[in-house]
Trainee: 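Below are the structure tokens for one structure; questions will follow.
All figures in this text were calculated on a predicted structure; none of them were measured in a lab.
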There are 4 protein chains.
Amino acid sequence: MPRIGAEPARRRELINAALQVIGESGTLEVSVKKIANKAGMSSALAFHYFGGKNQIVTETMRFLLSELTENMRSGLIGKSDPHQRLEAILEASFCASQFKRKTVAAWLVFYVHAYSSKSAARLLNIYSRRLESNLVHAYRQIFTNPSRAKKAAESTASIIDGVFIRHALRKSGPDRIEAIEICRSHIAAQVAASPTN
Amino acid sequence: MPRIGAEPARRRELINAALQVIGESGTLEVSVKKIANKAGMSSALAFHYFGGKNQIVTETMRFLLSELTENMRSGLIGKSDPHQRLEAILEASFCASQFKRKTVAAWLVFYVHAYSSKSAARLLNIYSRRLESNLVHAYRQIFTNPSRAKKAAESTASIIDGVFIRHALRKSGPDRIEAIEICRSHIAAQVAASPTN
Amino acid sequence: MPRIGAEPARRRELINAALQVIGESGTLEVSVKKIANKAGMSSALAFHYFGGKNQIVTETMRFLLSELTENMRSGLIGKSDPHQRLEAILEASFCASQFKRKTVAAWLVFYVHAYSSKSAARLLNIYSRRLESNLVHAYRQIFTNPSRAKKAAESTASIIDGVFIRHALRKSGPDRIEAIEICRSHIAAQVAASPTN
Amino acid sequence: MPRIGAEPARRRELINAALQVIGESGTLEVSVKKIANKAGMSSALAFHYFGGKNQIVTETMRFLLSELTENMRSGLIGKSDPHQRLEAILEASFCASQFKRKTVAAWLVFYVHAYSSKSAARLLNIYSRRLESNLVHAYRQIFTNPSRAKKAAESTASIIDGVFIRHALRKSGPDRIEAIEICRSHIAAQVAASPTN
DNA sequence: AATGAATGAGCCTTCATTCAT
DNA sequence: AATGAATGAAGGCTCATTCAT
């Protein structure tokens, strides 16, 4: 997790601007100039700080993921009950600060970008594995069968992603309550369906 | 060199090429020239047939969706048992011909594109509503409570999308058996969890 | 004067279409396709008939000029009085059929085109000399001094062109009555100013 | 390589180059690249400074007109005698610096361009009205009848334009002495023809 | 630290033109 | 006679990137 706070404020402004612009346009096809100008600086300065468009994109993605990771970490602290932990994971995944239309759109853009960008894939992978590990860990305490736990984790990760992507495309903007509810009931169904495992 | 009456064939070739190129690159940022060349023609001809890059993209998307729709339609024909229908929906959603890495990637690209393109959103919407209507219809026969059916449909649609997107990013390429299995078990859990509804 | 009547009707239609399109757009930057389509044929056929865009333009210009020339010729026939002849020249120059906004615009376009096109310059030159010769001939009968006649002719040709161009740019469309009146009074002033010459 | 604070100079160079290129070719169909290269810079820089080809053209036209306007203004300063003023208008209209073949050609091109371009028409209109107002003002002091003055102004403006356009197309290049002489004698004839008005 | 100057590369698109049918 | 197929060339414009100041 890069400590962005330690970087000059200008980098933060730029990352924020990138998030805005990418989120608004739903594309990575945004010019560095547009991002830099939104951050109130010249594009040359953006290059000075980041070295290139790729890096701006990568750092912006890293920032988004690190926020999510931090949310999850802090939400899980001190909770040992698996159900509580699953709930915390949902809360973090759809946390109000991130589950806004523009942010979700940026998320999606990065998600797809990972398909063709190695560095983006790496970043996403780290986050993805952490989420899965948290899920597996929780489900292990619920299902005695490890393979069952693994499957439940995979399935839960899938529905989180699915709900995410579907809500991103809604004109009305995503509704986090509803999103969480869908995932929560998925978890409940999973558990209920295999009571003795 | 000019082949007469070649319009339909040429358009198909172009759409195929677009699918390839977009699927390979995971982006809409591909030049018309690249697509046209892959289809064995000059970019000028591509413009002659489609009128512009947007139309190429739109038509390609339409093609993908129409294939999916057709798969679903033919898979559902003559099945009245709701469980069979749900299974058919899964089969169609992850049908072997479409659930290939490149196709899935193209799918994803279009999916995201719909965020910023009105015509893409419209196309996606039509397909999306059809899927949902099929799901709701099936669940209505399983759950007496209509609201329960609606929720199950939404949840199932979500997990299908989630599994789709997750498998798209796998280096190893998507595994349709596994994908279907995850969704199938989600459906089973839904049903098992609310036996009396 | 090319006998256009002897050419296939298709050429005529094409020339007419070119006149329309050029007159409407006020530019030679119109595609052959647009012209051909306006004439109800494919651009390939236009090429078949004319061999190239340049020829289409040249022939169209030739047509316009030949019409003008014919008007002038028939208007002058049988008139020997110089004042009557000058009046006939004005009538022909601003003849109702040609002095329409679109036609005048096409005229202008060709006029400017002559600056950079040899063939256009040649055509214009022929017409220009004929007009001048007609003017000089008339003025010779009015002014005994040949140099005075030459000057009057040049001056009259100038004001005809000037009135033409100014009326071309009017939003309200050119007004031939007014145009002729200006030229007529110019002629009168010329004559009145040198009564004894 | 970058010169700092070069914007105004660069714009001027570009405008000059545009004038050259347009004047040489007698057409607006000149690529921005050609203009920019003539000005010793890349086309991208031209776009950077002007934003588009249209603006380059418009600014070039504006420059030409402003020069003409300035010539007229300074030529009229301190002159109150109407005949002197008319003479000054002619001098300015055919001032040596502007009445060169290439400049006149550019003028013509812009003139015709005004037919299809709103912004060009606007620019031309401003200049045109100023010229007319100057002419009317002078003739009002010569003719007591205002309608007579108005007609004389219109007629003079016409002959100026006509002489301009005719001289533009001469291979030998325009001859300002002769041009002025024609207009001068037109004015004289006007005045002589209506001595008591 | 910060920016305007500057450009090469590339993209979408149009067009005149040719050719086989 | 007539046209769709096909393309090379060119044009306007954008953009990531570099550099001097």
Side-chain angles (χ1 to χ4, degrees), chain A residues 8-10 29-37 39-57, chain B residues 1-7 9-11 28-37 39-57, chain C residues 8-10 29-37 39-57, chain D residues 1-7 9-11 28-37 39-57:
Chain A
R10 272 335 189 37
E29 288 177 84
V30 290
S31 67
V32 173
K33 189 180 182 190
K34 192 171 183 183
I35 294 174
N37 287 353
M41 67 189 83
S42 72
S43 65
L45 191 54
F47 276 91
H48 177 65
Y49 279 131
F50 285 89
K53 186 181 179 178
N54 272 338
Q55 284 96 316
I56 296 178
V57 169
Chain B
M1 216 169 302
R3 322 183 212 159
I4 65 159
E7 164 137 16
R10 286 307 220 180
R11 287 178 68 102
L28 242 27
E29 290 176 83
V30 291
S31 69
V32 172
K33 188 180 182 189
K34 194 171 182 182
I35 294 174
N37 288 352
M41 67 187 86
S42 71
S43 65
L45 193 53
F47 280 97
H48 176 61
Y49 281 129
F50 284 89
K53 185 181 179 178
N54 270 340
Q55 283 97 314
I56 297 179
V57 168
Chain C
R10 272 335 189 38
E29 290 176 81
V30 291
S31 68
V32 173
K33 189 180 181 190
K34 193 170 182 182
I35 294 174
N37 288 353
M41 66 189 83
S42 72
S43 64
L45 192 54
F47 276 92
H48 177 66
Y49 280 132
F50 285 90
K53 186 181 179 177
N54 271 338
Q55 284 96 315
I56 297 178
V57 167
Chain D
M1 213 169 302
R3 323 183 211 157
I4 65 160
E7 164 136 18
R10 285 309 217 179
R11 287 177 69 101
L28 243 26
E29 289 176 84
V30 290
S31 69
V32 173
K33 190 180 181 189
K34 193 169 182 182
I35 295 174
N37 288 352
M41 66 187 87
S42 71
S43 66
L45 193 54
F47 281 99
H48 176 61
Y49 281 129
F50 284 89
K53 184 181 179 178
N54 270 339
Q55 282 97 316
I56 296 179
V57 168

Trainee: On the nucleotide E:dA1, are OP1 or OP2 found under 4.0 Å from the side-chain N or O atoms that A:Tyr49 carries?
Mentor: no
Trainee: Starting at atom CZ of B:Phe47, determine the distance to atom C1' of F:dA5, rounded to an integer number of angstrom.
Mentor: 17 Å
Trainee: Can you measure B:Glu29 atom CD to F:dC15 atom P for me and round it to whole angstrom units?
Mentor: 11 Å
Trainee: Output the single nucleotide from F:dC13, F:dA16, E:dA16 whose closest atom is nearest the side chain of D:Ser43.
Mentor: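 When the side chain of D:Ser43 is considered, F:dC13 is the closest of F:dC13, F:dA16, E:dA16.
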Trainee: Does a side-chain N or O of C:Lys33 approach OP1 or OP2 of E:dC15 to a distance below 4.0 Å, or not?
Mentor: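 So the side-chain polar atoms of C:Lys33 never come under 4.0 Å of the phosphate oxygens OP1 or OP2 of E:dC15.
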Trainee: Identify which nucleotide among F:dT3, F:dG12, E:dA2 has an atom closest to any side-chain atom of C:Leu45, counting heavy atoms from C-beta outward.
Mentor: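 Taking heavy atoms from C-beta onward, the closest nucleotide is F:dT3.
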Trainee: Find which nucleotide of DNA chain F each of B:Gly40 and C:Ala46 is nearest to by heavy atoms, and output the residue with the more 5' nucleotide.
Mentor: C:Ala46
Trainee: Provide, to the nearest angstrom, the distance between the NZ atom belonging to B:Lys53 and the P atom belonging to E:dT14.
Mentor: 15 Å
Trainee: To the nearest Å, how far apart are C:Ile35 CD1 and E:dC15 P?
Mentor: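 It works out to 11 Å between those atoms.
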Trainee: Do the side-chain N or O atoms of A:Arg10 get closer than 4.0 angstrom to the phosphate oxygens (OP1, OP2) of E:dA2?
Mentor: yes
Trainee: What does E:dG10 pair with, Watson-Crick or G-U, if both distances are under 3.5 Å?
Mentor: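 Pairing partner, where one exists within any strand: F:dC13.
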Trainee: Both C:Ser42 and A:Ser31 contact DNA chain F. Which one's nearest nucleotide lies toward the 5' end?
Mentor: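 On the 5' side of the pair lies C:Ser42.
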Trainee: Considering only E:dG8, E:dT13, F:dT7, which nucleotide approaches the side chain of B:Ala44 most closely?
Mentor: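 Side chain of B:Ala44 sits closest to F:dT7.
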Trainee: If you find the nucleotide of DNA chain E closest to C:Gly52 and the one closest to B:Val30, which residue's nucleotide is nearer the 5' end?
Mentor: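 This one resolves to B:Val30.
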Trainee: Let me know the distance between CG of D:Asn54 and P of F:dG12, rounded to the nearest Å.
Mentor: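 Taking atom P of F:dG12 as the reference, CG of D:Asn54 is at 10 Å.
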Trainee: Determine the minimum heavy-atom distance between A:Ala36 and A:Ser43, stating which atoms define it.
Mentor: CB-CA, 3.6 Å
Trainee: Rounded to whole Å, how long is the line connecting atom CZ of A:Phe50 with atom P of E:dA2?
Mentor: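 In whole Å, E:dA2 P and A:Phe50 CZ are 13 Å from each other.
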Trainee: If you compare every side-chain N and O of B:His48 against the phosphate oxygens of F:dA5 (OP1, OP2), does one of them come in below 4.0 Å?
Mentor: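 So the side-chain polar atoms of B:His48 do come within 4.0 Å of the phosphate oxygens OP1 or OP2 of F:dA5, strictly under.
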Trainee: Take atom CD of C:Gln55 and atom P of E:dT18, then tell me their distance rounded to the nearest Å.
Mentor: 10 Å
Trainee: Looking at every non-hydrogen atom in both residues, tell me the closest pair between A:Phe47 and A:Lys53 and how far apart they are.
Mentor: CE2-N, 4.1 Å
Trainee: For E:dA1, give the paired nucleotide (Watson-Crick: N1-N3 plus N6-O4 or O6-N4; G-U: N1-O2 and O6-N3; both under 3.5 Å), or none.
Mentor: none
Trainee: Considering only side-chain heavy atoms of B:Met41, which listed nucleotide, E:dC19, E:dG8, F:dT7, is closest?
Mentor: F:dT7
Trainee: Return the OH to CD distance between D:Tyr49 and D:Glu7, rounded to the nearest 0.5 Å.
Mentor: 5.5 Å
Trainee: Take the protein atom NZ of C:Lys34 and the nucleotide atom C1' of E:dA16, then report the distance between them rounded to whole Å.
Mentor: 16 Å
Trainee: Checking side-chain contact (heavy atoms from CB on, under 4.5 Å) between C:Asn37 and each of C:Lys33, C:Lys34, C:Met41, which is the one that passes?
Mentor: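 For C:Asn37, the side-chain contact (heavy atoms from CB on, under 4.5 Å) test succeeds with only one of C:Lys33, C:Lys34, C:Met41, which is C:Lys33.
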